Amino acid sequence: MKRNYPRTYRSRRPLKIILTALVTLLIAAIILTLSLFFGLRQYIVYDPGGTLHLEIPWLQDDSGE
């Protein structure tokens, strides 16, 4: 018998839903990491000893100790 309303829910397999969610979260994490890397690149400071660290102005403690 034909339905008079559209199928709004297509029974997907739970494994496919979980894998889709994981892939989406992985892509979001990669995009966030890359945007942080390129956004904070101007604050990377190389020390004379060969090490590097971040000097982010709004995270520095200027309490005078």
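Nothing here was measured: the structure is a model prediction, and the numbers come from that model. Worth knowing before you read on, the calculation uses all heavy atoms, side chains too, and leaves out hydrogens, waters and symmetry mates.
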*Asks:* Could you point out which residue of Leu32, Leu26, Thr33 forms a side chain to side chain contact (heavy atoms under 4.5 Å, CB included) with Ile30?
*Replies:* Leu26
*Asks:* Report the distance from atom CG of Leu19 to atom OG1 of Thr24, rounding to the nearest 0.5 Å.
*Replies:* 10.5 Å
*Asks:* Show your working on side-chain contact (heavy atoms from CB on, under 4.5 Å) between Lys16 and Thr20 and close with a plain yes or no.
*Replies:* CA-CA 6 Å; Lys16 186 175 181 181; Thr20 303; 4.3 Å; yes
*Asks:* Say you draw a straight line from CD of Gln42 to CD1 of Ile56; how long is it, rounded to the nearest 0.5 Å?
*Replies:* 10.0 Å
*Asks:* Are Ile31 and Val23 connected in the hydrophobic side-chain network, where two residues link if heavy atoms are under 4.5 Å apart?
*Replies:* yes
*Asks:* Would you say Leu52 ends up clustered with Leu36 if hydrophobic residues are merged whenever their side chains have heavy atoms under 4.5 Å apart, either directly or through other cluster members?
*Replies:* yes
*Asks:* Identify the two heavy atoms, one from Leu40 and one from Leu54, that lie closest to each other, and give their separation to 0.1 Å.
*Replies:* O-CD2, 3.9 Å
*Asks:* When clusters are formed by joining ILVMFWY residues with side-chain heavy atoms under 4.5 Å apart, either directly or through shared neighbours, do Trp58 and Val45 land in the same one?
*Replies:* no
*Asks:* What distance do Tyr43 atom OH and His53 atom NE2 have between them, rounded to the nearest 0.5 Å?
*Replies:* 14.0 Å
